[in-house]
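This report concerns only the one structure given below.
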Amino acid sequence: MSTQKDRWVSSFSFLLFCASSIPTWGSARLLQELSPQEYFSSLQAGRASLAYFSHNVSPGAQPFLEQIENSAEALQDYGISVVKVICPKEDVSRYCGKENALRKAYLFRGNMLIREFPTDALFDVNSIVANVLFALLFNEVKYVETLADLQNIENTLKGRLNMVFAYVPATGTAEHRAVMEAAFVYGTVHQFVLTTEAALLKDTGYPDMSSARLLFCHCQRATDLAQPCRRTAMGQALTMLNIHRHLKLMGAPLVTEVAEDPEKVSTVHLQLGLPLVFILSQKETYEADRRTAEFVAWQLLGKAGVALLSRYLLSGVLGFLLFVVFLSSGVPIKYLVLEDTDEVITLVEDKSKVKQIQEEEEEEEEDEDEKENNNQGCMPKQIGVLAALIQICAVISKAANKTVNFSTIFFFILFLHYLFSTPGTQGVLLSRVNCWDWPGVCTEENVTQFPTIKIYEKGERSVMYNGMWGTDELTSFIMLSRVPCPLKLATVEEAEGYLRGEFPSELSSYHHTSLLGVFSTATSEVSPPALLLARSGGQSVEGITLSKQNAQDMVQMIRYELLDIFPEITVQNLPRYLQLRKPFLILFSDDDIGQIESKEMLKLAKGRPQQEFVACWLNLKKTPVGRGVLKAYFATMPSLPVLVWVNFHAGGQVFKFPSEQSITELNILSWLEKLKAGLEVPSSKWTRVCNVPKHTLLAPVCL
Amino acid sequence: MAPVVCGMLLGLTLYAGHLCAVFAADFLYHDYCVIGAGPSGLQAAYFLQRAGRDYVIFERSHTPGSFFALYPRHRKLISINKRYTGKSNSEFNLRHDWNSLLSHDRRLLFQRYSRDFFPDADAMVRYLEDFASLLKLRVQYNTAIVHVMLEKDRQAWNGHYFLLTDQDRQNYKCSSLLVATGTWVPNVVNFPGSEYVEGYETVSINPEDFAGQTVLILGRGNSAFETAENILGVTNFIHMVSRSRVRLSWATHYVGDLRAINNGLLDTYQLKSLDGLLEGDLEDLAIVKDKKGKLHITLRFYLENRNTSGGIDSITLPQDELDNFATRAPYDRVIRCLGWKFDFSIYNRSLRMMPGKGNKKKYPQIKPSYESRGTRGLFVIGTASHSVDFRKSAGGFIHGFRYTTRAVHRLLENRHHGVPWPSTVYPITQLTNSIIKRVNEASGLYQMFSVLADIILLRENATAFEYLEEYPVGVLAELEMQTGRKAPSGLFVIIMEYGRNFSGADKDVFYYNRAVGEAQHAWQSNFLHPVIYFYKQLPTEREMRLQHPDWPLPHPDAIHHIVEDFLTDWTAPNAHILPLRRFLENCLSTDLRNFFAESCFLFAFTHQKLPPFCRQGYMRLQGLVGSEGLRRHAAEAGLLEDYTLSDFLGDRTPDNHKGSQDRLLRDHVIPVRPLQHLVYAKDEL
């Protein structure tokens, strides 16, 4: 190896002195045939030519001549002409005279001899192009033999230029040619370094020495002089096209920042048919996201591009999920939502896996019923409130079906993603996080109960939902969370609209109670500070004067104010009335209660301002479980309607209003008097404590 | 101020070295000093750094993890690097990752450093370097601590300071000392002729050097078998001798015993391929070298009786009397692979660092809290702390001590900084869930079985509980003092155990019916499974002392085994969760079932005391109302009675629903009650 190199190195400074002026002999043939005089006079400064001197007939050189003729076209691309110089018989000059010289080819730049090649070094087109370019690019392509040489070059480049380090098992090969051709194009941009020393490759950490390798060394961004430059190996075979591609990829920015629709983005990677990985970024986490993106980009360098997608600049793009891989080049766009940088890297590195994952997902979707296709791991879609609720209920019902014990659904937590995109196009994005798979997420979100619903607003605050798990209650929660709380009203008109339930418009179609704080004497109805309370329907506005109350007392008071005088008891509202800790006078009815009963009961309820009981009714059609209550109280089902006095807090006594009496205020009052006097006999009494039944299925205590 | 400045300058310039000499009498002070930047030292530093403590690690080498730069000599680690489990739960995956240290940084997972199931030791060195540098741990390299002594001071955290001296006579002063030096001193046996023995540390690892030789290996651990494995193919034969029988890790369930990956020699021995294993006390051994340089095995007894003037020929060899003496063939080489022990030499006598007893003499004596028995404030972590669970659990290995180191850190945080042991408070309704979640994912419980346990502290009236993870059960009696948490109303201890008589050096662990499958036989489970101990009161020191040696904990008020599972997946509703819930209910005398809002509604009208789920959920307006579809579903499943269908004309007998109930709970006898809705709602959720 070293002798070869010596030969190249020691023969570079030969001067040519013989020149005459014969015009260039143009020819359609790429391989020109000229006489020595013609040839030397045709040489132009700076232009390279490869010449072969011949006495016209030299049979041994014939195969070589063929090769040189074949390579003429390739060399012409690099501005190198190929000339066959016919030596006159009597010529004994330097190139024609010696038999020895006739076995060589000569490379000139201008009239300066750059190098002489023995014909056996030029055995085919590849070797001719490789060797010729190698000689011409002496300064651009450094040849190294030892690790020390390589390190020296690397050190001088740090902070200045990137280095392309190529290993080829031998010179004159196709790979060598590819490297030289690349060097011809990129030689001024990057420093090229070539070696044929397998040991050197091994030293740089690439043990496979059987084939040619090309490493791109990122020396330009290297800051630490003690560390070697980062390297990115080219995975493909060394061909001109692959090298070109690789260098193009290395030249591209590490991370592209994108703020537009991902489908409109175009980068070098997509142009080259490589995947582009989008990493979603938020304003608050920009620095960290940028670091993650760079980390991923380094891992994927040469295999995929990485773009940082500023989510906050976009409307309606996916939720909290981290990664979207976006495959391009004719393939339909695929979104894969991945949680982890590792996953992205393995996915891109192993394309076959992409397929596998997609197939699995498809299978899964087939298996699941249609409600469940918003499974964790697959892409959440932007969906409306209604769809969100359907899905929540689907999850609950699936969890609560007979094959699954409810306690196993501790995994489920539901995340409602509430995204305010552009005004007017609001939607709720629903996601489900399986806390079994992502314990870290759940710990961070402070989720200790399962299931849990949290609502997130535009990356700002999150609110834990702590209401009933029912469709109406959730709808109400979502609807109300669409308006800011507290809502600032600018004008009296707005305030009036608000109390009528017409403002803000988002809530106009939804029945709700409005509360308005009054702190100045804008209205004459109440003296500030006060609260105005308008029930849904907006028939009346009540004014409540505020004294020095803390927030908790105020909440308590508002809750109390919201209670009805003669409510219909339902599963949802019972706890509110139980909190009053009073006995219930409850009318069980088959359907809506009759007008007369309703009127009498209302009179009864209103008649006593400081009521010592809750007068209420229950519609068995709407709340069928009421039958269960009646069944528990009375051995047989009483005829309806039936008025019952239930004392929750004092021994659980139940008294039934005599069915022969009609339900009027007076009758009831006199009955209540008798109750108090202890003249009535309870129909039922329940003091039962709901405790664990005795178990037989218990693991033996092995003590 | 001076020591600080000096320390900074020392780091910066050589010139400062002179400056420091001026202050040599002074000490560089740190709250915590860690000796050794191996895996456990770095792990401790990680937690100290995260907590913002003043600490430093002293490392005598120029890189972390220098043990792994040398050992194992044949470079293959036997700690598994499982890259795929099919699960994304990062905590669960640590159960099968034996090499990573604990950190928040996902880049620092060992699977990023090696793709091999049994990785190369160089990968570990690289990993530890990255761990130290990426996390910016404060390691002072090239600092060998040569002497440790105490300085009494009433102001000090522990009544004394630790004074450390390095090789350059620089002194350091610390309030707390964490010893993470591992075991570095090779075990050597002295017998006549032991000078002919080569040590594992230096013996050639090139098999060619053993071609055609006859080799005797002293020792029977993984290093001995690893050495044998390497040269098995080129030697005439290998004999192995040690005092104890070979202990196979798959029989003992102890990862430090001989691992299947190293046991090629067992194959060739049992298949009569010339290699062999022998038992004998190495202390009785003697080696005699003949004129040809061959090594003959004899017994010390013969040597003591010989004629001192004579050469080798005058020595009686065992085969002279017993012509079929096993090791009568001479050996070309004898290799010692007897493991390592803790370096006791640097500690001043006042620290009373004493070797353990019996087979634990290679480790210093420590308490189950990892604090030295001799000196308060000195904690031993990492491999050297293995005396706590030697030959039992994984505390001597990375995948075990990463958790015990965290436990030590938590103890220290409580003791010195008033930061109580981290805990989460849950409502009692989450009790079953919390336990099921932990036993299915927790890696610390799984790796450090029978040593670390989760503790559930019940709040008054059992309405809520506090969950503490991975507490060392050996100091359960000191829980309130060690954690800063109170245990007023009883506690559960969740721990993982193997069956009591299942594992052992000479046990057949493949016998038929080695595993049980039914919940009622759970207590007979043999493979690793969760066990829940219930104590009405915290056990006392005395109870801890008097506990059965085979038991990790003293006698509980109640105990529950979750039946072993082939997939170590304890989420089966009937086999795992239901029996657990019943156990918890019995202990707490409460109902831990979940109910639909409708059932709670019914209870509210008919019962004085509601189950906790209704009390903490429905009554606070948080019940599960669901939707029409859901109610229908529940009714179809027999979980809720569908009152809309009831005609109520005839009085229905309760038996109508008994069938579906029985299907759900086979062995459950349901007393017929007047209020059948209770039964209907039994396991509705």
Side-chain angles (χ1 to χ4, degrees), chain A residues 295 339-342 393 396-397 400-402 404-408 410 436-440 448-450 466-471 473 571-572 574-576 578 624-629 631-633 635-637 646 648 652 686-693 695-703, chain B residues 88-91 424 426 430 432-433 437 441 519-520 522-523 558-561 571 573 577 579 582-583 585-586 589-591 594 597-598 601-611 618-619 621-627 629-630 633-634 637 641 643-644 646 648 651 667-669 675 677 685:
Chain A
F295 174 76
E339 260 283 337
D340 174 14
T341 53
D342 269 353
C393 294
I396 300 169
S397 60
N401 73 18
K402 62 178 149 193
V404 183
N405 186 312
F406 196 64
S407 50
T408 60
F410 64 84
W436 164 246
D437 288 332
W438 310 107
T448 52
Q449 298 200 45
F450 309 98
N466 60 5
M468 288 270 178
W469 282 66
T471 313
E473 290 78 5
V571 171
Q572 283 90 329
L574 174 72
R576 292 182 199 279
L578 280 178
V625 66
R627 290 182 195 277
V629 176
K631 222 179 125 196
Y633 288 168
T636 53
M637 191 70 185
V646 187
F648 289 98
W686 40 270
T687 50
R688 224 163 260 112
V689 173
C690 199
N691 255 340
V692 202
H695 299 319
T696 53
L697 185 75
L698 265 184
V701 175
C702 57
L703 294 173
Chain B
S88 71
N89 185 321
S90 49
E91 173 68 21
T424 320
Y426 297 90
Q430 296 298 316
T432 321
N433 279 352
K437 184 168 160 65
E441 75 174 18
Q520 56 262 53
W523 63 283
I559 190 168
H560 176 72
H561 291 252
T571 54
I577 299 172
R582 294 267 171 99
F583 166 76
E585 285 174 339
N586 259 10
S589 305
T590 190
D591 187 334
N594 298 340
E598 204 172 290
F601 179 91
L602 194 60
F603 292 155
F605 268 102
T606 54
H607 285 73
Q608 284 275 286
K609 196 179 164 198
L610 303 188
Y618 178 71
M619 294 305 278
L621 297 162
Q622 293 172 8
L624 177 58
V625 176
S627 58
L630 177 60
H633 201 107
E641 186 167 352
Y643 294 102
T644 51
S646 317
F648 289 98
D651 210 1
D667 302 2
H668 188 188
V669 181
L675 294 179
H677 50 260
L685 299 182

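Each chain gets a letter, A, B and so on, in the order the sequences are listed, and its residues count up from 1.
Using a 4.5 Å cut-off on side-chain heavy atoms (C-beta onward), B/L621 and A/R576 make contact.
Put simply, CG on B/L602 and CZ on A/R627 are 13.5 Å apart, with the number rounded to the nearest 0.5 Å.
Contact between A/N466 and B/Q622 at its shortest, heavy atoms only, is O-CG, 2.9 Å. What you find for B/M619 and A/P575 is that their closest heavy atoms are O-CB, 3.8 Å.
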- Stepwise, does the side-chain contact (heavy atoms from CB on, under 4.5 Å) test hold for A/Y633 with B/T606? CA-CA 8 Å; A/Y633 288 168; B/T606 54; 4.1 Å; yes

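Of the residues considered (A/L574, A/L578, A/V629), A/L574 shows the highest number of contacts with chain B, using heavy-atom pairs under 4.5 Å.
Under the side-chain hydrogen bond (donor to acceptor under 3.5 Å, both in side chains) criterion, B/E91 pairs with B/S443, not counting sequence neighbours.
Both the backbone and the side chain of B/Y618 come within less than 4.5 Å of a heavy atom of chain A.
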